[in-house]
Amino acid sequence: MALIVQKYGGTSVGSVERIKNVAKRIAKTRAQGHDVVVVVSAMSGETNRLVALAHEIQAYPDPREMDVVLATGEQVTIGLLAMALQNIGVAAKSYTGWQVAVKTDCAHTKARIESIDDAKMRADLQDGRVVIVAGFQGISSHGDISTLGRGGSDTSAVALAAALKADECQIYTDVDGVYTTDPRVVPEARRMDTITFDEMLELASLGSKVLQIRSVEFAGKYKVRLRVLSSLQEGGEGTLITFEEDENMEQAIVSGIAFDKNQARINVRGVPDKPGIAYQILGAVADANIDVDMIIQNVGNEGTTDFSFTVPRGDYQPTLDLLGNLKNTIGADEISGDDNVCKVSIVGLGMRSHVGVASKMFRALAADNINIQMISTSEIKISVLIDEKYMELATRVLHKEFELDQTKERA
Ligand code: ADP
Ligand code: ASP
Ligand code: MG
């Protein structure tokens with residue numbers, strides 16, 4: 001008998017019919033003799049609806065109150081799922097995040113889990129019940145309802161699996177595993193039986209929304225056995241996130257492609273080229289709690305220099321406003337930007353030992369007339385910033401160039 005945490009995403013609980021279907025899956029796992037803790041998301045579209053409602057009232061919704069609103073979506077699905085399980089003779093009890101309690105910091109709308117109390121869940125499991133926990137939410141150290149950032153139910157599930165020392169955490173979604181890229185964009189994308197933790201971490205951080213980045217971080221920190229599976233299909237092993245690199249494993253140079261529209265570019269032109277100027281500009285942005293991602297500094301003419309960097313799209317206007325106010329202090333000629341950009345990245349452990357991957361990527365993009373605005377690299381990824389209108393084309397071109405539709409399974 002094992003302890004399994006199963007997480008069902010928005011599409012998987014998107015209708016009463018689907019909730020009943022999820023209940024049947026859980027009943028099957030119970031019938032195999034396993035203990036089950038379930039995490040659910042809100043019904044698909046519900047969190048977006050709640051966000052829109054809040055924005056109808058406040059342009060910049062108060063974060064504490066935003067969380068009060070956002071957390072309601074998951075409260076509906078936990079109750080409905082408990083009823084559906086009871087209907088088919090499976091004892092079940094639902095809990096909100098604060099009832100468990102999932103304790104978080106106070107960063108409303110993007111809170112981090114600090115600890116989880118497993119006493120209630122263990123007592124219910126002991127009594128033979130399925131425990132259903134609302135994903136995406138917790139309780140802050142001030143006793144307020146908090147949420148974990150969009151897609152945060154994945155993180156709830158992995159964190160619960162870590163706290164309960166579960167044998168496996170299964171993320172059920174609307175695709176049957178992790179693919180070489182988003183199969184909605186590239187129909188030829190291929191499901192992987194396994195993916196290494198490092199590659200999954202990069203893909204998630206570079207925009208693949210199949211797993212929220214923090215869920216992957218948690219899995220790494222607590223060595224949670226994590227698997228992505230389909231809730232809409234019967235059978236299938238999905239994709240297992242592995243921690244060991246098998247020496248004999250055939251290593252693809254590039255194993256996946258991610259893209260991210262949540263990008264905006266800021267240009268600061270003609271600032272004095274002197275020590276401390278990068279700090280003056282980027283320090284001010286960091287002080288405003290805005291994440292800076294890619295950065296380029298070019299030496300310009302006559303003792304001046306230019307900076308370009310990227311920020312999340314929602315922070316585009318605030319960053320322009322902030323630097324506009326600082327323009328005279330930092331001595332800039334011009335502050336400008338573009339929020340119709342996106343980042344496309346190739347990821348693969350094999351890049352560590354292969355040269356020429358970057359030039360292959362750049363050549364393929366050039367052949368399709370896609371202009372690269374910025375580049376950033378690490379040991380196992382290369383990202384380019386390009387015009388948003390080429391995002392899908394670039395992804396398809398690179399998928400083909402690196403033959404991701406043809407690579408053999410690695411495990
Ligand atoms: P859920 O509501 O179950 O959390 P999400 O919509 O958050 O589901 O995540 C699943 C979606 O992630 C898929 O429908 C797919 O379009 C997208 N996706 C992006 N990149 C990948 C990838 N590499 N592999 C599989 N799915 C991906
Ligand atoms: N319902 C939340 C969202 O849509 C959390 C989740 O689905 O993981 O972002
Ligand atoms: Mg998700």
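No hydrogens, no waters, no symmetry mates; every other heavy atom, side chains included, goes into these values. These numbers were taken from a predicted model, which means no experiment stands behind them. Remember, it's 1-based here, ligands and their atoms both numbered in the order they're listed.
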Please test Arg30 against Asp35 for salt bridge (charged side-chain N to carboxylate O under 4.0 Å, His left out), starting from the C-alpha separation and ending with a verdict. CA-CA 6 Å; Arg30 280 294 290 149; Asp35 280 341; 3.3 Å; yes
Counting heavy atoms only, which of Ser153, Gly135, Ala157, Ser215 is nearest atom 6 (C) of ligand 2? Ser153
Distance filter under 4.0 Å, heavy atoms only, around ligand 1 gives Lys7, Gly9, Gly10, Thr173, Asp174, Val175, Gly177, Val178, Tyr179, Thr181, Asp182, Pro183, Arg184, Ser208, Lys209, Val210
Counting non-hydrogen protein atoms only, what is the nearest one to atom 7 (O) of ligand 2? Give residue, atom name and distance. Ser41 OG, 3.1 Å
Decide whether a cation-pi geometry holds between Lys223 and Phe243; the criteria are a distance under 6.0 Å from NZ or CZ to the six-membered ring centre and an angle within 45° of the ring axis. yes
Scan residues 140-167 for pairs that pass ring pair (Phe, Tyr, Trp, His ring centres under 6.0 Å), counting only residues two or more places apart or in two chains. none
Residue pairs passing the ring pair (Phe, Tyr, Trp, His ring centres under 6.0 Å) test where at least one lies in residues 214-240, sequence neighbours excluded: Phe218-Tyr222
At a 4.0 Å threshold, what atoms of ligand 2 neighbour a non-hydrogen atom of Arg150? 3 (C), 4 (O), 9 (O)
Should the heavy atoms of other residues, nucleotides or ligands under 6.0 Å from CD of Gln75 be counted, would the total exceed 12? no
I'd like to check the ring-ring contact (aromatic ring centres under 6.0 Å, His included) partners of Phe362; sequence neighbours left out, ordered by chain and number. none
List ligand 2 atoms under 4.0 Å from Glu74, heavy atoms only on the residue side. 1 (N), 2 (C), 5 (C)
Between Arg64 and Asp62, is the closest basic N to carboxylate O distance under 4.0 Å? no
Can a salt bridge be assigned to the pair Arg214 and Glu217 using a cut-off of 4.0 Å between side-chain N and carboxylate O? no
If you count the atoms of ligand 2 from 1 in the order shown, which ones are under 4.0 Å from a heavy atom of Thr47? 1 (N), 2 (C), 3 (C), 4 (O)
Find all atoms of ligand 2 within a distance of less than 4.0 Å from any non-hydrogen atom belonging to Phe136, and give their numbers and elements. 2 (C), 5 (C)
Show the atoms of ligand 2 that are less than 4.0 angstrom away from any heavy atom in Gly151. 3 (C), 5 (C), 6 (C), 8 (O), 9 (O)
When Lys7, Gln6, Arg227 are each screened for side chain to side chain donor-acceptor pair (under 3.5 Å) with Gln170, the one that passes is Gln6
